Amino acid sequence: MEDRYPFSRIEEKWQKRWEEEGLYIVDDFDARPKYYCLEMFPYPSGKLHMGHVRNYAIGDVVARFKTMRGFAVLHPMGWDAFGLPAENAAIKHGVHPRDWTWENITFMREQLKQLGLSYDWRREFATCHPGYYQWTQWLFLQFYRHGLAYKKKAPVNWCPSCATVLANEQVVAGACERCKTPVTRRELKQWFFKITDYARRLLEDIDKLPGWPEKVKVMQENWIGRSEGALVTFPVLDHPAEIPVYTTRPDTLYGVTYMVLAPEHPLVKELTAPELKESVAEFIERAQNLSELSRTAGDAEKEGLFIGAYCENRLTGESVPVFIANYVLMEYGTGAVMGVPAHDQRDFEFARKYNLPIKVVIQPPGTELQPDAMIEAYVDEGIMANSGPFNGMGNIEGMKAVTAYLEEKGWGEYQVTYRLRDWLISRQRYWGAPIPIVYCEKCGTLPVPERDLPVLLPYDVAFKPTGESPLKDCREFVSTTCPSCGGPASRETDTMDTFICSSWYYFRYTSPREENAPWDRAKVDRWLPVDQYIGGVEHAILHLLYSRFFTKFLRDIGLVGIEEPFTNLLTQGMVLKDGAKMSKSKGNIVSPEEIMSRYGADTTRLFILFAAPPERDLEWSDQGVEGCARFLNRVWRIVNAILPEVKKAAMPKNDLVGVNRELRRLTHVTIKKVTEDIERFNFNTAISAVMELVNGIYQFCDRVPEVDRDPGALREAAQTVAVLLSPFAPHISEELWARLGYKTSVHRQPWPDYDPDLLVQEKVTVVVQINGKVRGRIMLPPAATPQEMQDEALREPRIRELLAGRTMSKVVTVPGRLVNIVVK
RNA sequence: GCCGGAGUGGCGGAAUGGCAGACGCACGGGACUUAAAAUCCCGGGGGGCCGAGGCCCCGUGUGGGUUCAACUCCCACCUCCGGCACCA
């Protein structure tokens with residue numbers, strides 16, 4: 001008898017057999033109810049890290065469990081294959097991004113297979129394949145056609161050292177991720193997706209996602225950032241212009257004492273007094289050289305400059321000075337802010353710094369604020385004052401009343417504003433899907449006709465960090481003919497943000513080889529939405545928001561029938577070592593390769609599922625892994641040891657008593673517990689329950705002489721271990737299942753049911769409390785009535801002793817659990 | 001600052017308002033062994049009493065509260081982690 005589980009032989013054997021049998025292939029129109037289990041697909045960075053292992057181990061448990069519960073489970077895997085690291089590798093090591101990417105895919109696919117994950121590999125694809133990005137481009141055209149893809153000049157992040165633009169996610173704490181140089185801003189013409197058109201629905205429909213973690217929903221809400229207020233116009237004195245301002249506090253309009261424009265506000269030039277032009281221009285230049293990030297950092301000093309103009313507050317008829325200031329953002333609202341120092345902390349600080357008047361228009365209940373005595377703005381509720389007809393009104397009510405008044409006078413209107421900005425999708429990069437647009441001198445900007453897709457990425461390109469797309473230097477790519485007039489034209493050389501590729505991939509798995517459309521509608525209707533989506537919380541905003549946006553748009557144009565793509569979302573925690581996220585710089589990386597070669601896939605998976613619940617961060621422990629390996633060996637030894645005894649045994653009868661019945665009870669209690677725990681994603685406690693069952697089998701074998709053992713009960717226990725363990729440790733389970741004499745895969749078994757009759761204990765321990773403190777224990781049949789429980793408790797000598805001379809005022813009983821005697 | 005999440009043994013973690021610490025790690029004891037490893041069995045929150053069978057007190061970040069009963073619910077606060085952050 002082998003003493004240690006020969007994992008490498010067995011894992012290889014079953015992986016080969018599963019593949020030959022097509023165990024994980026699922027047909028699109030399988031008669032069983034559908035279940036779409038999806039894990040976020042990886043970027044092919046080189047090799048798997050523990051975060052991947054965790055993500056895919058979790059998904060695999062769900063997929064296997066749902067399969068055993070009778071669902072047709074779609075469980076696919078692919079590659080988010082476009083992106084910057086490939087291009088950086090090209091610059092650094094002289095490898096072509098395409099070759100680099102495909103090599104990595106080949107390697108990582110092999111690693112995933114070694115983990116024994118239940119993917120239908122026929123559905124695999126990579127987003128960098130023309131068969132995929134053709135449809136990414138096609139989808140771009142749909143956005144373009146519907147006016148949701150447009151080009152405008154916008155400030156972007158720029159690294160002066162690398163001479164390139166950077167994606168927002170490559171800017172870490174205001175500096176270039178690669179060379180740490182502070183990032184500046186540059187105005188460039190860029191492509192955008194008009195996600196702001198969907199702000200309202202993206203926000204409101206968060207309510208339709210009960211299966212998402214609260215945390216993620218809140219993050220999305222904050223990101224979209226809805227606020228209600230009023231748009232108010234302020235006429236400029238001695239000038240025809242009006243300054244529109246957005247405010248969430250129309251109730252404070254009577255307290256406006258100045259006005260501030262963003263430095264890049266279009267009116268600034270016109271309104272600046274001639275004698276101030278020079279200093280204003282200087283101020284603007286300084287502000288522009290700062291990145292938006294450092295300009296808006298919370299601790300940045302507020303700086304402003306009077307530009308020599310005044311505008312009128314129509315409500316009061318007063319004129320107020322116009323400033324420009326670094327803290328006003330052109331991108332939010334109207335790029336202009338009214339200053340109410342008494343009731344806004346920023347305005348208060350600004351007013352104090354520049355000696356602007358402070359006018360109190362909201363008085364706190366019970367007291368009266370004196371502007372000169374104030375040390376901070378008063379931002380809470382109160383009664384309106386110095387506000388003409390609104391004096392004495394509560395300010396909450398005042399917000400509505402003032403807005404209505406503005407609308408009546410034609411000076412302003414109610415408005416909802418979102419913080420969400422349009423999605424900048426163009427990248428001056430090579431390794432992405434080319435934007436399918438052509439520029440013709442005669443005909444202007446034109447979409448590439450659908451029949452001409454894909455716009456292929458050329459292979460021979462020089463990767464120099466010039467700040468412009470490497471495609472610009474590729475003449476064969478750039479020069480083309482105009483789809484309208486047939487004359488010479490040039491292609492757009494920017495590529496798309498890779499987040500676009502990953503915003504629709506979950507549709508593609510349903511029909512990965514479809515050539516005439518991005519997907520087969522019937523198959524999308526069959527499988528979508530994704531029933532369970534699993535991935536890291538770092539995608540809580542970007543990827544998940546973009547995917548929701550895509551789905552809503554696709555529904556609007558009739559390409560899919562669903563409103564939300566992911567019904568349930570599980571965000572797994574990070575894998576830590578020594579309390580910190582694993583990283584090269586910290587040198588605390590544990591490689592999956594090494595762990596798998598030493599312990600095998602089952603142990604690796606088991607540990608990562610056992611060490612913490614999925615949502616929480618997981619602290620890596622080499623000793624913990626050792627413990628899981630020990631456990632699987634323990635399972636291996638006991639099942640093999642009892643094989644001769646149980647191999648021929650039939651299932652146990654229902655009339656067992658004593659230890660044999662106790663063993664059956666444990667088996668069925670475990671089935672119940674594991675089933676419920678998996679459903680709630682409490683994999684760690686599910687595994688601990690199986691451990692308890694295994695411990696129970698050991699004790700049974702240790703204490704009960706063989707003649708007294710019921711082989712059926714023992715067999716049932718052993719095979720239950722194999723079945724319950726199969727989603728977590730698929731290889732060892734399969735091997736033991738086969739050794740128990742079964743010819744079909746354990747993974748094709750229906751999930752076991754428990755017998756409720758077997759859960760019942762003959763006697764249960766009932767705790768006896770006096771005033772809530774445990775003072776004794778009694779054994780009773782579980783069905784004992786409260787009266788019986790109380791009587792039995794009061795028969796206990798120790799309890800009588802403690803109660804002597806005291807008056808019982810009340811007895812609380814919980815059937816099968818406790819008796820609490822309350823005394824005075 | 002705002003919004004989330006979390007604070008439980010030496011460690012990872014468990015507990016529909018009902019015996020706090022399941023399960024695992026580490027540790028200690030025993031069995032097996034010439035010995036070690038491996039394995040199997042047993043014991044471990046802290047403190048105290050003891051007639052050795054047990055018994056008592058304290059204990060889930062802090063302070064209050066609700067309740068027969070609170071890790072669990074409510075109020076206030078502290079610490080850590082994550083997200084957003086001059087959003088008008």
Side-chain angles (χ1 to χ4, degrees), chain A residues 3-4 213-223 225-227 229 245-249 252 260 262 293 295-302 325-329 331-340 344-347 349-350 417-421 537-538 540-541 573-574 576 579 606-607 610-613 615-628 630-631 633-634 637-638 673 682 684-692 694-695 698-699 701-703 765-777 798 809-814 816-823:
Chain A
D3 205 37
R4 311 214 90 204
E214 200 53 38
K215 175 187 178 159
V216 174
K217 291 197 279 188
V218 169
M219 279 166 77
Q220 291 214 352
E221 274 167 20
N222 292 344
W223 188 262
R226 178 183 195 270
S227 69
V245 160
Y246 174 71
T247 178
T248 54
R249 294 293 304 273
T252 64
V260 197
L293 215 95
R295 211 178 110 190
T296 58
D299 48 7
E301 176 73 15
K302 287 166 191 49
N326 58 355
Y327 73 89
V328 178
L329 308 171
E331 289 79 12
Y332 185 79
T334 61
V337 177
M338 62 187 211
V340 186
D344 181 284
Q345 188 56 28
R346 283 160 307 169
D347 296 350
E349 287 164 26
F350 194 82
T417 299
Y418 296 93
R419 204 194 68 113
L420 185 71
R421 297 181 204 174
V537 73
E538 65 272 20
I541 294 171
M574 288 185 296
L576 312 177
L606 195 74
F607 168 72
F610 177 63
E615 306 86 350
R616 275 215 237 167
D617 287 349
L618 181 154
E619 175 68 33
W620 185 266
S621 154
D622 290 331
Q623 285 160 334
V625 180
E626 200 78 50
C628 287
R630 207 143 53 204
F631 167 68
N633 279 313
R634 213 166 131 79
R637 269 191 306 273
I638 194 71
K673 168 91 174 136
N682 291 346
N684 55 333
T685 49
I687 292 165
S688 74
V690 180
M691 288 174 171
E692 287 179 80
V694 171
N695 291 345
Y698 266 89
Q699 281 177 11
C701 293
D702 187 49
R703 288 168 194 179
T765 307
V766 171
V767 170
V768 183
Q769 298 181 330
I770 294 177
N771 286 347
K773 297 210 175 212
V774 181
R775 290 295 131 119
R777 291 177 179 80
R798 171 148 185 82
S809 59
K810 190 176 175 185
V811 177
V812 180
T813 54
V814 180
R817 280 184 170 265
L818 67 74
V819 179
N820 186 15
I821 302 161
V822 187
V823 295

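Computed from a prediction, not measured in an experiment: that's the story for all the values here. Sequence lines set the chain letters: A, B, ... in the order given, protein chains first and strands last, and positions in each chain run from 1.
Taking 4.0 angstrom as the limit, Arg637(A) places none of its side-chain polar atoms (N or O) nearer than this to OP1 or OP2 of A38(B). At A88(B), one or more side-chain N or O atoms of Tyr332(A) fall inside 4.0 Å of OP1 or OP2 (strictly under the cut-off). For G18(B), the OP1/OP2 oxygens have no side-chain nitrogen or oxygen of Arg777(A) closer than 4.0 Å. One finds a side-chain N or O of Arg634(A) lying less than 4.0 angstrom from the OP1 or OP2 phosphate oxygen of C40(B). Between Lys773(A) and the phosphate of C58(B), there is a side-chain N or O to OP1/OP2 separation shorter than 4.0 Å. Close to C87(B), at under 4.0 Å from its OP1 or OP2, lies a side-chain N or O of Arg346(A). One finds a side-chain N or O of Tyr698(A) lying less than 4.0 angstrom from the OP1 or OP2 phosphate oxygen of C40(B). A sub-4.0 Å separation between OP1 or OP2 of U16(B) and a side-chain N or O of Arg817(A) is absent. Side-chain N/O atoms of Arg4(A) include none lying less than 4.0 angstrom from OP1 or OP2 on A37(B).
Counting all heavy atoms, side chain and backbone alike, Asp617(A) lies closest to Met574(A) at OD1-N, 2.8 Å. In this structure, Gly229(A) and Tyr246(A) approach most closely via the heavy-atom pair N-OH, 3.3 Å. Closest approach of Lys673(A) and Thr685(A) over heavy atoms only: NZ-CB, 4.1 Å. When all heavy atoms are compared, the tightest approach of Tyr332(A) to Tyr418(A) is CE1-O, 3.6 Å. In terms of heavy atoms, Val537(A) sits closest to Lys215(A) at CG2-CE, 3.8 Å. The two residues Met338(A) and Val245(A) have their closest heavy-atom pair at N-CG1, 3.7 Å.
Expressed to the nearest 0.5 Å, how far CG of Leu618(A) lies from CG of Leu576(A) amounts to 7.5 Å. Taking CG of Asn820(A) as the reference point, atom CG of Asn771(A) lies at 7.0 Å (rounded to 0.5 Å).
The Tyr327(A) side chain lies nearest to C86(B) when the options are C86(B), C87(B), C3(B). Considering only the side chain of Val218(A), C3(B) comes nearest among C87(B), C23(B), C3(B). Here the side chain of Asp702(A) is nearest to one of C40(B), G4(B), C25(B), namely C40(B). Distance from the side chain of Arg703(A) is smallest for C42(B) among the nucleotides G83(B), U39(B), C42(B). Listed nucleotides A20(B), C57(B), A14(B) differ in distance to Pro613(A); the shortest reach to its side chain belongs to A14(B). Here the nucleotide nearest the side chain of Asn684(A), chosen from C68(B), A14(B), A88(B), is A14(B). Comparing C68(B), C86(B), G24(B) by their closest approach to the side chain of Asn820(A) singles out C68(B). In the set U39(B), C23(B), A20(B), A20(B) carries the atom at the smallest distance from any side-chain atom of Val774(A). When the nucleotides C68(B), A26(B), C23(B) are ranked by their closest atom to the side chain of Met691(A), C23(B) comes out on top. Looking at the side chain of Val822(A), the nearest of the listed nucleotides C42(B), A26(B), C68(B) is C68(B).
The nucleotide G4(B) finds its pairing partner in C81(B), both defining distances of the Watson-Crick or G-U wobble pair being shorter than 3.5 Å. Pairing partner, C49(B): G54(B), with both Watson-Crick or wobble hydrogen-bond distances short of 3.5 Å. The nucleotide A37(B) finds no pairing partner, because no Watson-Crick or G-U wobble arrangement with both distances shorter than 3.5 Å includes it. When both distances must be under 3.5 Å, the Watson-Crick or G-U wobble mate of C19(B) does not exist. The nucleotide A76(B) finds its pairing partner in U62(B), both defining distances of the Watson-Crick or G-U wobble pair being shorter than 3.5 Å. Pairing partner, G9(B): none, since no Watson-Crick or wobble contact has both distances short of 3.5 Å.
Rounded to whole Å, the separation between the C1' atoms of G45(B) and G21(B) comes to 8 Å. For the P atoms, the distance linking C57(B) with G17(B) amounts to 27 Å, nearest Å. Across C71(B) and G9(B), the matching C1' atoms stand 14 Å from one another, rounded to whole Å. C78(B) and C68(B): their P atoms are spaced 32 Å apart (whole Å). Across the P atoms, G7(B) and C55(B) are found 32 Å apart, a figure rounded to whole Å. Straight-line distance between the P atoms of A69(B) and U79(B): roughly 32 Å, to the nearest whole Å. Spacing of P atoms, C25(B) relative to A20(B), comes out at 25 Å, to the nearest Å. Across G28(B) and C77(B), the matching C1' atoms stand 41 Å from one another, rounded to whole Å.
Between Phe631(A) and Phe610(A), the distance separating the two ring centers is not shorter than 6.0 angstrom.
If you check every strand for non-hydrogen atoms under 4.0 Å, Ser621(A) touches nothing. Among the heavy atoms of the strands lying under 4.0 Å from Val814(A) is at least one base atom, whether or not backbone atoms are also near. Residue Asn633(A) is classed as having no contact, given no heavy-atom separation below 4.0 Å to the nucleic acid. Counting any heavy atom pair closer than 4.0 Å across all strands shown, Gly627(A) reaches sugar-phosphate atoms only and no base atom. Nucleic acid contact class of Asp344(A) (heavy atoms, under 4.0 Å, all strands): none. Looking at heavy-atom distances under 4.0 Å, Gln769(A) makes contact with a base.
Atom pair Arg226(A):CZ and C84(B):P shows a separation of 22 Å (rounding to whole Å applied). A straight line from CZ of Arg616(A) to C1' of G7(B) spans 10 Å, rounded to a whole angstrom. Atom CG in Asn222(A) sits roughly 17 Å away from atom P in G1(B) (whole-Å rounding). Following rounding to the nearest Å, Met574(A) (CE) and C80(B) (C1') show an atom-to-atom distance of 13 Å. In this entry the distance linking CD of Glu221(A) with C1' of G83(B) reads 13 Å, nearest Å. Distance CG (Asp347(A)) to C1' (C86(B)): 10 Å, rounded to an integer number of Å. Atoms CG (Leu818(A)) and C1' (G17(B)) sit 11 Å apart, rounded to a whole Å. Atoms CG (Asp622(A)) and P (G12(B)) sit 16 Å apart, rounded to a whole Å.
Between the side chains of Arg634(A) and Asn695(A), at least one donor N or O lies within less than 3.5 Å of an accepting N or O.
Judged by distance alone, with hydrogens and angles left aside, Lys302(A) brings a side-chain donor or acceptor within reach of the base of C86(B), the pair sitting under 3.5 Å.
Each of Lys215(A) and Ala689(A) lies near RNA chain B, and the nucleotide nearest Lys215(A) is the one positioned closer to the 5' end.
In G30(B) the base sits anti relative to the sugar, since the glycosidic angle is further than 90° from 0. For G24(B), the base is anti relative to its sugar; the glycosidic angle deviates from 0 by more than 90°.
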